[in-house]
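For reference, the structure is listed below as structure tokens.
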Amino acid sequence: MLILGIETSCDETGLALYHSEQGLLAHALHSQVALHAEYGGVVPELASRDHVRKTLPLLREIFRQANVTPRDVDGVAYTRGPGLIGALLVGAAIGRGLAWTWGVPAIGVHHMEGHLLAPMLEPEPPSFPLVALLVSGGHSLLVRVDGIGRYQLIGESIDDAAGEAFDKTAKLLGLPYPGGPALAKLAEQGDPDRFVFPRPMTDRPGCNFSFSGLKTAAINTWRGLEPTPQNRADVARAFENAVVETMMIKCRRALQATRLRRLVVAGGVGANQRLRERLRELVAELGGQVHYPRLEFCTDNGAMIAYAGWRRLAAGQYDEPAIEVLPRWSLASLPSVN
Ligand code: KG4
Ligand code: ZN
């Protein structure tokens, strides 16, 4: 079974072809970073228009890479949400349109399920049950996963998502969008002992997160400092340490509460090296395993959508065509108003 995956929920156009026996055959990604950089964040309308421009060229590219033709495709998976409405509509309309033309089923995939299943694309995929830490620009979730679609929320952010906190703090420090990776890079030069920010919500039970207070701690510290490169790096390091440490504490709790020892970490912030290291230490201490997607599949991509779509399409699930317009519509058929 060959599945085309289309991801257009935010600022990355991702296309991929996943084969049920041969695995991932091809994937291609276009990042809109350069397009949004001058605005300091994603401009939704620009994002939608760029998805319109890039989806079909990337589609041709993956067919070339995989050396297959549209005739070989058995199903289409596109990101249905959550995400920017205009951006989602582009992928959905193109995905549905292609599926209709090719006479194959299509399914709308949940973006966070895509992230959650991304480690399944690795040579040693995790088995269920497991605990998943899903940390992206829009979400911070801890989920107990007993199978595909068998998700129990254990914890979530009550304010900013982890990636959002990284991005806002980076902006405060004058770093360019997207802030997360830039802040992490800067933190490498920071002194880990100079500032210690709070570990939010670790002093009370539960696995929920809160990151907006950390952002405030960073603002207050930064305001009192000369804007030198070392000061900037020290604040970045304190911020990153606090986020990573907080997530480690919550993951420990989640693993203990569920008595599970398998952890999956995915989503853009899952690309953070310090987070990956600390969680590796945690599961080693608990005698478990941690699974990450390869770095390029931590952030948004088409491969995770193709994979998640395949699992559902292979189980016989699909969506009815939801975008309905009427190319033939008799004026006389309109119902009267009274
Ligand atoms: O999953 P993703 O690509 O898109 C969403 O679904 O939101 O995640 C993007 C988020 C951004 O907030 C970005 O700053 C953050 O992930 N991010 C990182 C790193 N790489 C990406 N945050 C911290 N450290 C990183 N290395
Ligand atoms: Zn994402």
For residues [X] and [Y], determine if any side-chain heavy atom of one lies less than 4.5 Å from a side-chain heavy atom of the other.
X	Y	value
T13	L15	yes
M247	V269	yes
L59	L4	yes
V264	V143	no
E240	L275	no
E156	H139	no
E12	D50	no
C251	M248	no

Starting from the C-alpha separation in whole Å, work towards a yes-or-no answer on side-chain contact (heavy atoms from CB on, under 4.5 Å) for N241 and R199. CA-CA 9 Å; N241 273 358; R199 275 57 174 148; 4.2 Å; yes
[X] side chain to [Y] backbone, donor-acceptor under 3.5 Å:
X	Y	result
T299	G268	no
K54	Q32	no
R253	G206	yes
S210	P200	no
H36	P44	no
D160	F211	no
Q152	R144	no
R262	S127	yes
S157	D159	yes
D74	L2	yes

Is it the case that E7 and H111 place a side-chain donor and acceptor less than 3.5 Å from each other?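 A donor-acceptor contact under 3.5 Å links the two side chains.
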Does R150 qualify as a cation-pi partner of F128, given the criterion of NZ or CZ under 6.0 Å from the six-membered ring centre and within 45 degrees of its axis?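 Relative to the ring axis of F128, which defines the angle, R150 lies outside at least one limit.
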List the atom of G86, the atom of S48, and the distance in Å for their closest heavy-atom pair.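 Minimum heavy-atom separation between G86 and S48: C-OG, 3.4 Å.
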Identify whether L142 and L214 are in the same connected component of the hydrophobic contact network (ILVMFWY, side-chain heavy atoms under 4.5 Å). yes
Indicate if M304 and L130 have the same hydrophobic cluster label, given that clusters are the connected sets of ILVMFWY residues with side-chain heavy-atom separations under 4.5 angstrom. yes
Rounded to the nearest 0.5 Å, what separates atom [atom1] in [X] from atom [atom2] in [Y]?
X	Y	atom1	atom2	result
E61	L29	CD	CG	10.0 Å
Q230	D234	CD	CG	4.5 Å
R96	L98	CZ	CG	11.0 Å
L286	R261	CG	CZ	5.0 Å
H30	R53	NE2	CZ	8.0 Å
L56	I94	CG	CD1	5.0 Å

More than 12 heavy atoms of other residues, nucleotides or ligands under 6.0 Å from OH of Y177: yes or no? yes
Step by step, would you call I305 with Y78 a side-chain contact (heavy atoms from CB on, under 4.5 Å)? CA-CA 7 Å; I305 301 303; Y78 56 88; 5.5 Å; no
Listed by chain and number, what are the ring-ring contact (aromatic ring centres under 6.0 Å, His included) partners of Y18, not counting sequence neighbours?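 Checked Y18 against ring-ring contact (aromatic ring centres under 6.0 Å, His included); matches are Y307, W310.
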Applying salt bridge (Lys or Arg N to Asp or Glu O under 4.0 Å), name anything that partners R294, two or more places apart in sequence or on another chain.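 For R294, the residues satisfying salt bridge (Lys or Arg N to Asp or Glu O under 4.0 Å) (neighbours in sequence not counted) are E122.
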I148 and R312: CA distance, side-chain angles, deciding distance, side-chain contact (heavy atoms from CB on, under 4.5 Å) verdict: CA-CA 9 Å; I148 294 180; R312 290 191 174 274; 4.1 Å; yes
Would F239 and F195 satisfy ring-ring contact (aromatic ring centres under 6.0 Å, His included), going step by step from the backbone distance to the final call? CA-CA 9 Å; F239 173 83; F195 305 112; over 10 Å; no
